[in-house]
Asker: 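Let me give you the structure first, and then I'll get to my questions.
The analysis underlying the following values was restricted to heavy atoms, covering all of them including side chains, and did not include hydrogens, waters or symmetry mates. We name chains A, B, ... by the order of the sequence lines, and we start the count at 1 in each one.
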Amino acid sequence: MSVTTRFAPSPTGHLHIGGARTAIFSWLLARHFKGKFRFRIEDTDLQRSKQEYTDSILASMQWLGLTWEGETTYQTKRMDVYSKYVDQLLASGHAYWCSCTAEEVDAMRERAKGLGLKPRYDGHCRELGLGPGEGRCVRLKCPLQGKVVFDDMVKGRISIDVAELDDMVIRRSDGTPTYNMAVVVDDHDMGITHVIRGDDHVSNTPRQILIYQALGFEVPTFGHVPMILGPDGAKLSKRHGARAVIEYQKDGLLPQALVNYLVRLGWSHGDQEIFSLEELVELFDGTHLNPSAARFDSRKLEWLNGHYMKKLPVEELARLTRPFAEDCGYGALSDERLQTLCTLFRDRARTLVELAASFAPMLKTADELEFDPACVEKQLNAEGRAHLEKLLPCFEQVVDFSPEPINEALKAYVEGQGLKFKQVAPPLRAAIVGYMGGSHLPDLMAFLGKEDSLARIRKAIALG
RNA sequence: GUCCCCAUCGUCUAGCCGGCCCAGGACAGCGGCCUUUCACGCCGUCAACGGCGGUUCAAAUCCGCCUGGGGACGCCA
């Protein structure tokens with residue numbers, strides 16, 4: 001079986017995580033079955049569509065690693081094609097011209113509502129045999145009775161009575177096709193076999209199936225994935241903070257973490273939580289998709305991100321962290337030093353932003369270093385400073401100021417005085433980093449160098 | 001209002017062609033271990049089948065109703 005899927009966003013905003021997830025599912029299905037994944041821009045809404053958003057969506061797709069086959073299709077370039085198919089429907093008697101105005105149709109809907117019925121067009125022009133004319137649109141002549149039934153990949157069998165549907169407009173009075181018409185024509189022309197899209201499209205599907213049938217096209221398989229809800233269970237919106245893919249990118253998330261998280265939100269493979277892209281391609285066959293809506297949990301996303309940050313080769317991690325470090329205003333940083341910092345701090349950061357921020361105390365001079373007041377009070381008291389004073393000459397004697405010798409010097413002092421590391425290390429840490437955090441002390445001191453390390457210790461001593 | 005869809009720990013989920021489930025994993029929380037800090041890691045712990053009926057020897061698993069949630073009802077996409 002050959003499989004062709006597609007992702008068809010409308011450029012009225014950035015790529016949203018909901019859209020990203022359907023794109024990923026579509027991409028995975030195509031890759032799994034060694035089929036094709038296509039891309040289409042649904043830009044028929046001239047008012048809201050912007051080139052800026054098309055560019056942004058493209059950039060996000062690339063960032064996520066979603067590649068597609070063939071040219072990108074733009075609906076605005078296919079107006080004549082849609083027109084041809086509408087004419088075909090008109091000619092075959094599957095569609096008719098309608099002269100009802102928007103006001104008249106609104107009135108019909110109100111009337112139906114009043115009767116407790118579904119608001120719908122009542123078929124006023126259906127048998128009038130009208131021809132083209134100013135202000136006239138074309139409507140599909142829907143069957144009067146029967147059911148539209150389809151087997152959804154995620155929801156199972158869905159059945160709707162055609163009585164629920166009305167004769168929908170397929171060509172507006174300005175000559176442009178409506179969404180449902182354009183989608184059907186495009187999906188058919190692009191050879192789409194599996195349509196994966198958001199839950200909010202289920203009610204469009206029976207309408208589209210009617211168009212497929214009227215046109216004599218083969219109906220593809222549909223898969224409607226549930227929406228992603230905000231942490232509070234409400235529909236995801238601007239109020240919930242970051243929700244566009246680029247925002248997560250700016251927050252220092254890794255694409256593989258986002259992909260892993262999004263895929264796992266609504267799809268599962270037993271108890272497995274971590275999946276490489278290769279594994280996903282191998283495992284994702286369109287089954288085991290959860291039919292119910294899921295809430296977005298940024299904590300789990302960050303946990304995954306931390307996981308991937310630990311696994312990345314340092315060179316790669318450093319390369320990805322560089323722009324974030326630059327945003328912190330650290331100034332020039334050699335690859336080597338950046339990589340050292342990354343290995344030193346990667347285990348305690350969950351995002352690239354956090355990682356870059358954690359470098360701060362290491363990239364200041366002793367003069368610029370600020371001590372955390374609470375830490376000063378607790379660790380840099382008389383006793384702590386006394387240790388530092390005695391430690392100073394020990395470190396001064398270290399010729400090769402690298403982790404091992406530094407550690408030896410520290411050890412010699414601790415053991416020579418019959419102390420415990422617990423008594424000495426905390427004040428030293430306070431002096432070196434300014435707060436009770438950071439990485440392995442000797443590593444940090446080696447990174448700072450002898451001069452800076454000693455200057456920090458002297459500065460701490462001077463606090464008294 | 002009408003139609004469609006959904007319903008397992010706080011969250012994501014496994015299980016759902018009935019018994020192996022007094023429900024498993026993960027995140028978060030809590031407790032502990034490790035420890036030259038903080039993390040990481042490891043160990044442990046808390047915690048759920050929305051309600052009511054039915055079918056059955058047996059139901060989280062099948063059926064019905066109810067409740068709750070979501071979506072749709074455009075000459076938007």
Asker: Could you tell me which nucleotide pairs with C20(B) by Watson-Crick or G-U wobble geometry, both distances under 3.5 Å, or answer none if nothing does?
Answerer: none

Asker: For RNA chain B, what residues of residues 203-215 of chain A have any heavy atom nearer than 4.0 Å?
Answerer: S203(A), N204(A)

Asker: Could you state the atom-to-atom distance from CG of D443(A) to P of C40(B) in whole Å?
Answerer: 18 Å

Asker: With 3.5 Å as the limit, what N/O pairs link the protein to nucleotides 2-12 of chain B?
Answerer:
| unit_1 | atom_1 | unit_2 | atom_2 | d |
| --- | --- | --- | --- | --- |
| C3(B) | O4' | E164(A) | OE1 | 3.2 |
| C5(B) | O2' | K155(A) | NZ | 2.8 |
| C12(B) | OP1 | R295(A) | N | 2.9 |
| C12(B) | O2' | R264(A) | O | 3.4 |
| C12(B) | O2 | K300(A) | NZ | 3.3 |

Asker: Between R295(A) and D232(A), does any NZ, NE, NH1 or NH2 come within less than 4.0 Å of an OD or OE carboxylate oxygen?
Answerer: no

Asker: Would you find a donor on one side and an acceptor on the other, under 3.5 Å apart, between the side chain of T351(A) and the backbone of L253(A)?
Answerer: no

Asker: Determine the contact category for T176(A): base if any of its heavy atoms lies under 4.0 Å from a base atom, sugar-phosphate if only primed atoms, P, OP1 or OP2 are that close, otherwise nothing.
Answerer: nothing

Asker: Please enumerate all protein N or O atoms sitting under 3.5 Å from an N or O of nucleotides 34-36 of chain B, with distances to 0.1 Å.
Answerer:
| unit_1 | atom_1 | unit_2 | atom_2 | d |
| --- | --- | --- | --- | --- |
| U36(B) | N3 | N407(A) | OD1 | 2.9 |
| U36(B) | O4 | N407(A) | OD1 | 2.1 |
| U36(B) | O4 | N407(A) | ND2 | 2.5 |

Asker: Looking at C52(B), which nucleotide sits across from it as a Watson-Crick or G-U wobble partner, both distances under 3.5 angstrom, or is there none?
Answerer: G64(B)

Asker: Do any side-chain atoms of residues 130-148 of chain A form donor-acceptor pairs under 3.5 angstrom with protein atoms, and if so which ones, sequence neighbours left out?
Answerer:
| unit_1 | atom_1 | unit_2 | atom_2 | d |
| --- | --- | --- | --- | --- |
| R136(A) | NH1 | G131(A) | O | 2.8 |
| R139(A) | NH1 | D167(A) | O | 2.6 |

Asker: Could you state the atom-to-atom distance from CD of E302(A) to P of C27(B) in whole Å?
Answerer: 14 Å

Asker: Can you tell me how far C1' of G74(B) sits from CG of D45(A), to the nearest Å?
Answerer: 12 Å

Asker: Rounding to the closest angstrom, what is the interatomic distance between A48(B) and U11(B) at atom C1'?
Answerer: 12 Å

Asker: Take atom OH of Y74(A) and atom C1' of A77(B), then tell me their distance rounded to the nearest Å.
Answerer: 17 Å

Asker: At under 4.0 Å between heavy atoms, what does R197(A) touch on the DNA or RNA strands: base, sugar-phosphate, or nothing?
Answerer: nothing

Asker: Among T22(A), D199(A), D152(A), find the residue that satisfies the side-chain hydrogen bond (donor to acceptor under 3.5 Å, both in side chains) test when tested with H224(A).
Answerer: D152(A)

Asker: Does this structure show an ion pair linking R40(A) with E42(A), if we count only N-O contacts that are shorter than 4.0 Å?
Answerer: yes

Asker: With rounding to the closest Å, how many angstrom separate the C1' atoms on U55(B) and C65(B)?
Answerer: 15 Å

Asker: Hey, are the side chains of R109(A) and R120(A) touching, using non-hydrogen atoms and a 4.5 Å cut-off?
Answerer: no

Asker: Can you tell me how far P of A77(B) sits from CE of M181(A), to the nearest Å?
Answerer: 13 Å

Asker: Under 3.5 Å, which protein N or O atoms sit close to an N or O of nucleotides 63-66 of chain B? Give each pair with its distance.
Answerer:
none

Asker: Does C38(B) have OP1 or OP2 under 4.0 Å away from a side-chain N or O of S439(A)?
Answerer: no

Asker: Whom does C38(B) pair with, Watson-Crick or G-U wobble, provided both distances fall under 3.5 Å?
Answerer: none

Asker: How would you label the contact of C100(A) with the nucleic acid (heavy atoms, under 4.0 Å): base, sugar-phosphate, or nothing?
Answerer: base

Asker: Between atom CG in L428(A) and atom P in C38(B), what is the gap in whole Å?
Answerer: 15 Å

Asker: Which pair of non-hydrogen atoms, one from V353(A) and one from G252(A), has the smallest distance, and what is that distance?
Answerer: CG2-N, 3.9 Å

Asker: Does S453(A) use its side chain to pair, donor to acceptor, with the backbone of M445(A) at less than 3.5 Å?
Answerer: yes

Asker: Nearest-nucleotide wise, let me know which of G135(A) and M227(A) is further upstream toward the 5' end of RNA chain B.
Answerer: M227(A)

Asker: Decide if atom NZ of K310(A) counts as having more than 12 heavy atoms of other residues, nucleotides or ligands within a radius under 6.0 Å.
Answerer: yes

Asker: Could you tell me whether the side chain of R348(A) has a donor or acceptor atom within less than 3.5 Å of a complementary atom in the base of C38(B)?
Answerer: yes

Asker: In terms of side-chain geometry, is the basic nitrogen of D166(A) or R207(A) positioned less than 4.0 Å from the acidic oxygen of its partner?
Answerer: yes

Asker: Determine, stepwise, if the pair L444(A) / R429(A) fulfils side-chain contact (heavy atoms from CB on, under 4.5 Å).
Answerer: CA-CA 9 Å; L444(A) 296 178; R429(A) 174 173 301 280; 4.1 Å; yes

Asker: Let me check something: any side-chain donor-acceptor pairs from residues 406-427 of chain A under 3.5 Å, sequence neighbours excluded? List them with distances.
Answerer:
| unit_1 | atom_1 | unit_2 | atom_2 | d |
| --- | --- | --- | --- | --- |
| Y413(A) | OH | H387(A) | ND1 | 2.8 |
| Q423(A) | OE1 | K420(A) | N | 2.9 |

Asker: Is atom NE2 of H269(A) surrounded by more than 12 heavy atoms (other residues, nucleotides or ligands) closer than 6.0 Å?
Answerer: no

Asker: Rounded to whole angstrom units, what separation is found between the CG atom of L289(A) and the C1' atom of C16(B)?
Answerer: 16 Å

Asker: Rounded to the Å, how far apart are L229(A) CG and U13(B) P?
Answerer: 11 Å

Asker: My understanding is that a pair needs two contacts under 3.5 Å, Watson-Crick or G-U wobble. By that rule, which nucleotide pairs with G31(B)?
Answerer: C43(B)

Asker: Let me know, please, whether T12(A) or G437(A) comes out on the 5' side of the other along RNA chain B by nearest nucleotide.
Answerer: G437(A)

Asker: Considering every strand shown, what is the Watson-Crick or G-U wobble mate of A72(B) when both distances are under 3.5 Å?
Answerer: U2(B)

Asker: Go ahead and name the base partner of A58(B); Watson-Crick or wobble counts if both distances stay under 3.5 Å, otherwise write none.
Answerer: none

Asker: Considering only NZ, NE, NH1 and NH2 on the basic side and carboxylate oxygens on the acidic side, decide whether D452(A) and R456(A) come within less than 4.0 Å.
Answerer: yes

Asker: Flag the pair E273(A) and K300(A) as a salt bridge only when some basic side-chain nitrogen lies within less than 4.0 angstrom of an acidic carboxylate oxygen.
Answerer: yes

Asker: Distance check: side-chain N/O of R109(A) vs OP1/OP2 of G74(B), anything under 4.0 Å?
Answerer: yes

